[in-house]
Amino acid sequence: MTYDFDRKVDRKSTNDMKWHAKAVSMYLHREIPETMIPMWLADTEFACPPCIVKAVEARAAKEIFGYCAPMESYYAAVCGWQKRRHNWDVSPAWVTQLPSVVAGINIAIRAFSQPGDGVIIQQPVYDPFATIVQQAGRVVVNNALVETGHGFEMNFDDLARLAAKPENKIMVLCSPHNPVGRVWKEEELRRVADICAANDVLLVSDEIHSDIVYTGHRHIPILALDEKYSQKCILLNAPGKTFNVAGLKSSYSIIPSEELRKAFNAMQVAMSLDVKNTFGLEGTIAAYTGEGEEWMEQELAYLEQNMAFASEFVEKNMPGAKLPKPEGTFLGWLDLRGLGLSDEELFRRIVLEAAVICVPGGWFGPGGEGHIRLNAGCPRAMLQEALERIRDVLYKK
């Protein structure tokens, strides 16, 4: 079956916060016009796969939506997806259902560290990482990414130095990386895992974008590298980004270590994050079928074309700006430092004047200055209009 990713879906008639100007205004603490183009929140503008819609409709027809629990079919779906996509054998016993990957990070931080302990992250990175650490009373420890002529790389010498400090108990890895779009290579992942293992640092890997990986690149689950990492590593994932079902609140952890899993699950219960979403379970099962996979492959091809279009548009129409094609994710990391404008001026022109709602790069921490994160997970016509608006306000006479 062929799916139409150019089709515009009306999201203003729903309660999607991404498209409600009042919700966006509250988020940005600025008045945002109704004419906005929302490119900020990291969900896509594509209708969910029909198999998911049908599964949710079928469950709704059951008429009762009480407390529920994952059944064998849920675990089979998650494990089967990992096997098909990554040739990785996952035991159902390792899997725990979660409301979100962010919740999983929060659980891990609170279960395996104490207030005042350090948590290593790699900024510029998805901004809730730092927020979660700080709200838990832990200390953000930045192993900053290094920008080279070939994109962003990890600073392994600095990571080894930070991991050796006894107060630093956890590292949260973003793989693939949001917002810089790196899909980490096997040798990079092994070095991270080896450094953490050698220093008794728990490695928590956020792999929510793992399905969105482009030609020439391959995502490798951190736990699939080697069994030796299984006792000191937690993997978090979800169908949310891939299938545009974040609102179904269905994510999962994969934790081979029984000791880690028991402590993780106990903290999940203590934080009242153990109640399952009825439709989330059904949506995950449907997403991880052959029909869902066929839809995803077509989405991936469309997204890769979007990224190529956006990169070419910037190169041809926006002197001094750069938009490298990401290796993964549907998020563009638009570099505007060559224009010589302050972050405040970029925000004023792009977000307030052009009404293209992007996430300011500074929100992702040090190294994000002079950038914006642009969500290209949308019909091409919408992406083109957003880029044209940005061009017009940045290069106006």
Next item on the list: Could you tell me whether Arg191 sits above the aromatic face of Phe156, with NZ or CZ closer than 6.0 angstrom to the six-membered ring centre and within 45 degrees of the axis?
Entry: yes
Checklist line | Electrostatic pair Asp43-Lys18, nearest N-O below 4.0 angstrom | finding: yes
Notebook entry, point to check: Are Glu34 and Lys12 close enough for a salt bridge, meaning some N to O gap below 4.0 Å?
Noted result: no
Notebook entry, point to check: Under the criterion ring pair (Phe, Tyr, Trp, His ring centres under 6.0 Å), which of Phe46, Phe330, Trp295 is the partner of Tyr302?
Noted result: Phe46
Next item on the list: Find the distance between CD1 (Ile212) and CE (Met296) and round it off to the nearest 0.5 Å.
Entry: 7.0 Å
Checklist line | Partner of Ile350 by side-chain contact (heavy atoms from CB on, under 4.5 Å), out of Leu394, Leu334, Leu374 | finding: Leu394
Next item on the list: Measure the CG-CD distance between Asp117 and Glu167 for me, rounded to the nearest 0.5 Å.
Entry: 8.5 Å
Please list every donor-acceptor pair under 3.5 Å in which a side-chain atom of residues 119-130 meets a protein atom from a residue at least two apart or in another chain.
residue: Gln122; atom: NE2; partner: Asn143; partner atom: OD1; Å: 2.9
residue: Gln123; atom: OE1; partner: Asn142; partner atom: ND2; Å: 3.4

Can you give each donor-acceptor pair under 3.5 Å made by side-chain atoms of residues 357-370, sequence neighbours left out, with the distance rounded to 0.1 Å?
residue: Glu369; atom: OE1; partner: Gly367; partner atom: N; Å: 2.9

Notebook entry, point to check: Donor-acceptor pair, Glu188 side chain versus Lys185 backbone, under 3.5 Å?
Noted result: yes
Item checked: Lys/Arg N to Asp/Glu carboxylate O, Asp6 vs Arg380, below 4.0 Å -> no
Checklist line | salt_bridge(Lys8, Glu45) N-O dist < 4.0 Å | finding: no
Notebook entry, point to check: Is Arg161 salt-bridged to Asp158, cutoff N-O under 4.0 Å?
Noted result: yes
Exercise answer: donor-acceptor pairs, residues 51-68 side-chain atoms, under 3.5 Å, sequence neighbours excluded:
residue: Arg59; atom: NH1; partner: Ile64; partner atom: O; Å: 3.0
residue: Arg59; atom: NH2; partner: Ile64; partner atom: O; Å: 3.0

Check: Are the charged groups of Asp335 and Arg337 less than 4.0 angstrom apart, N to O?
Finding: yes
Note to self: Taking the basic N atoms (NZ, or NE/NH1/NH2) and the acidic carboxylate oxygens, is any pair closer than 4.0 Å for Glu344 and Arg348?
What the structure shows: no
Notebook entry, point to check: Which value, rounded to the nearest 0.5 Å, describes the distance between Trp184 atom CH2 and Glu153 atom CD?
Noted result: 8.5 Å
Next item on the list: Give a yes or no answer on whether the side chain of Thr14 reaches the backbone of Arg11 with a donor-acceptor pair at less than 3.5 Å.
Entry: yes
Notebook entry, point to check: In Å and rounded to the nearest 0.5 Å, what is the CG to CG distance from Asn168 to Leu162?
Noted result: 6.0 Å
Notebook entry, point to check: Quick one: does Gln298's side chain have a donor or acceptor within less than 3.5 Å of a partner on Met1's backbone?
Noted result: yes
Margin query: Salt bridge or not between Arg389 and Glu353? Use side-chain N to carboxylate O under 4.0 Å.
Written below: no
Note to self: With a 4.0 Å cut-off on N to O distance, would you call Lys228 and Asp194 a salt bridge?
What the structure shows: yes
